[in-house]
Amino acid sequence: MKLNCNVIRDLIPLYVDQICSEESKELVEEHLAECEDCSVIFRQMRSEEVENCLEIETVNVLRRQAHFFKQKSAVIGTAIAGVFMIPVLVCLIVNIATGAALDWFFIVLASLLTATSLTVVPLMVPDHKMLWTMGTFTVSLFLLFGVICIYTHQTWVFIASPAVLFGLSVCFLPFVVYAEPIKTWLGRKKGLTAMAVCTFFYAFMMISIKLYTQSEAFGKISKAVSVPCIALIWILFLLIRYLKCNGLLKAGICTLIVGGFGFAADYYIERWIGINKPFPVFRPFIWNVDTVDGNVKWIGLLGCTFAGIALIVSGIKRNGKKQAD
């Protein structure tokens with residue numbers, strides 16, 4: 001019987017794949033009707049075979065659907081690009097027919113390139129759609145700024161471009177660092193990279209404005225306002241990202257820092273600039289033009305202090321419960 005089981009178990013894979021002879025098929029079926037152990041092995045093998053077939057079929061269906069949608073996207077993208085070509089051709093024909101300069105034709109062309117980057121590019125690019133879309137949109141937008149400035153004989157592009165670049169980085173860089181392949185390259189430094197790039201673009205924007213305006217007063221004021229605010233943002237980010245404690249403790253510490261900053265920042269920034277402003281005084285029973293600023297700051301400081309202490313105490317209690325468990 002043991003010898004028969006070994007032989008049958010060698011034949012079962014061929015029987016499941018239906019590639020054995022009729023004699024072997026009859027032999028396997030006769031044995032399975034009498035041997036429960038071999039029947040269990042047969043049912044397991046057949047179940048695995050069905051699962052493999054279903055998995056292969058699922059993968060094939062998904063591939064066919066992906067290929068189908070890529071083709072449809074390419075067709076739609078081509079159609080949209082063709083529609084965008086209509087106003088370009090109309091502008092060109094009108095310019096040539098009237099003998100006018102092609103200045104506004106290039107402005108229209110650059111604006112349509114910007115629209116194309118948001119509509120055609122995501123449909124035509126097969127991989128990394130977000131990166132390609134954001135990259136082409138940024139380049140086309142700066143191209144539009146440059147073309148407008150060239151044909152209007154203006155120089156505001158040197159202020160607009162850094163400001164727009166900083167705004168785009170704040171809005172979209174947190175999503176870009178989580179897109180492949182950037183996500184893989186950065187590893188665990190995605191948040192740190194986004195913060196560093198946004199800080200760089202902000203500094204670049206402020207320097208560009210100062211150089212464009214040639215204003216020493218702007219440089220002094222921007223430095224006095226920017227340095228404390230950027231320092232606060234970096235401190236909060238580093239605490240939230242790297243401090244090894246629970247969320248309540250982090251929230252309490254950040255609340256205390258924000259409360260202190262909101263209370264004292266205005267006073268010290270104005271002294272940095274050169275304005276001698278009195279330290280805020282708390283007069284809760286006197287509300288007028290001279291006391292409202294100080295009262296509001298003290299109320300905010302006290303509120304943040306109480307809230308921060310309550311959060312820290314709750315966080316310490318939570319840690320104690322975890323250690324007890």
Side-chain angles (χ1 to χ4, degrees), residues 159 162-164 166-167 169-171 173-174 191-192 194-320:
I159 292 182
V164 170
F166 170 67
S169 66
V170 171
C171 294
L173 195 58
L192 189 64
M195 283 289 297
V197 173
C198 288
T199 303
F200 171 79
F201 284 149
Y202 177 81
F204 177 57
M205 176 184 68
M206 302 306 290
I207 293 172
S208 299
I209 296 173
K210 181 182 181 299
L211 293 176
Y212 183 81
T213 59
Q214 296 294 319
S215 173
E216 293 297 331
F218 174 81
K220 186 176 182 180
I221 295 173
S222 64
K223 186 186 297 182
V225 175
S226 300
V227 171
C229 293
I230 293 176
L232 172 67
I233 294 172
W234 268 99
I235 290 172
L236 295 177
F237 167 75
L238 293 175
L239 287 174
I240 295 171
R241 180 66 180 83
Y242 296 105
L243 186 62
K244 302 298 183 181
C245 62
N246 61 55
L248 289 174
L249 281 173
K250 290 182 180 180
I253 295 172
C254 292
T255 302
L256 291 177
I257 293 173
V258 171
F261 180 86
F263 176 79
D266 186 29
Y267 173 76
Y268 288 106
I269 287 174
E270 290 192 353
R271 288 184 67 86
W272 187 351
I273 296 173
I275 302 174
N276 292 323
K277 184 177 180 179
F279 196 79
V281 179
F282 190 35
R283 297 176 181 175
F285 302 107
I286 301 175
W287 289 83
N288 54 40
V289 176
D290 298 325
T291 62
V292 64
D293 182 67
N295 288 342
V296 170
K297 287 180 178 178
W298 274 102
I299 291 173
L301 176 62
L302 293 174
C304 289
T305 300
F306 291 138
I309 292 174
L311 290 169
I312 290 174
V313 171
S314 300
I316 294 173
K317 289 182 178 179
R318 175 178 289 184
N319 279 344

Let me have the donor-acceptor pairs involving side chains of residues 292-312, under 3.5 Å, with sequence neighbours excluded, atom names and distances please.
{"residue": "D293", "atom": "OD2", "partner": "K297", "partner atom": "NZ", "Å": "3.3"}
{"residue": "N295", "atom": "OD1", "partner": "R283", "partner atom": "N", "Å": "2.7"}
{"residue": "N295", "atom": "ND2", "partner": "R283", "partner atom": "O", "Å": "2.8"}
{"residue": "N295", "atom": "ND2", "partner": "I286", "partner atom": "O", "Å": "3.0"}
{"residue": "N295", "atom": "ND2", "partner": "T291", "partner atom": "O", "Å": "3.3"}
{"residue": "K297", "atom": "NZ", "partner": "D266", "partner atom": "OD2", "Å": "3.0"}
{"residue": "W298", "atom": "NE1", "partner": "P280", "partner atom": "O", "Å": "2.9"}
{"residue": "T305", "atom": "OG1", "partner": "L301", "partner atom": "O", "Å": "2.7"}

Inspect the surroundings of CD in E216 and state if more than 12 heavy atoms from other residues, nucleotides or ligands are less than 6.0 Å away.
no

Quick one: salt bridge (charged side-chain N to carboxylate O under 4.0 Å, His left out) pairs with a partner in residues 222-238, sequence neighbours left out?
none

CD1-OH distance between I209 and Y212, expressed to the nearest 0.5 angstrom:
11.0 Å

d(L249 CG, R318 CZ) to nearest 0.5 Å is 9.0 Å

Please collect all side chain to side chain donor-acceptor pair (under 3.5 Å) contacts where either partner lies in residues 256-265, sequence neighbours excluded, each pair once.
none

Can you see which heavy atom on K250 is nearest to which on L243, and at what distance?
CE-O, 2.8 Å

Please set out all donor-acceptor pairs under 3.5 angstrom arising from side-chain atoms of residues 227-241, sequence neighbours excluded.
{"residue": "W234", "atom": "NE1", "partner": "T199", "partner atom": "OG1", "Å": "3.0"}
{"residue": "R241", "atom": "NH2", "partner": "R188", "partner atom": "O", "Å": "3.4"}

Atom of A224, atom of I269 and distance for their closest heavy-atom approach
O-CG1, 3.6 Å

Look at the side chain of K210 and the backbone N and O of F218, then say whether any donor-acceptor pair between them is shorter than 3.5 Å.
no

List in chain and number order the residues that pass side chain to side chain donor-acceptor pair (under 3.5 Å) with Y268, two or more places apart in sequence or in another chain; answer none if no residue qualifies.
none

What is the minimum heavy-atom distance between P284 and W287, and which atoms define it?
O-NE1, 2.8 Å

Once salt bridge (charged side-chain N to carboxylate O under 4.0 Å, His left out) is applied, what residue pairs with a partner in residues 301-316 remain, sequence neighbours excluded?
none

By side-chain contact (heavy atoms from CB on, under 4.5 Å), which residues pair with D290, not counting sequence neighbours?
N288

Would you mind writing out the side-chain donor-acceptor pairs for residues 201-208 within the sub-3.5 Å range, not counting sequence neighbours?
{"residue": "Y202", "atom": "OH", "partner": "S226", "partner atom": "OG", "Å": "2.6"}
{"residue": "S208", "atom": "OG", "partner": "F204", "partner atom": "O", "Å": "2.7"}

Looking at residues at least two apart in the chain, or sitting in another chain, which of them share a ring-ring contact (aromatic ring centres under 6.0 Å, His included) with F285?
none

Donor-acceptor pair, E270 side chain versus Y267 backbone, under 3.5 Å?
no

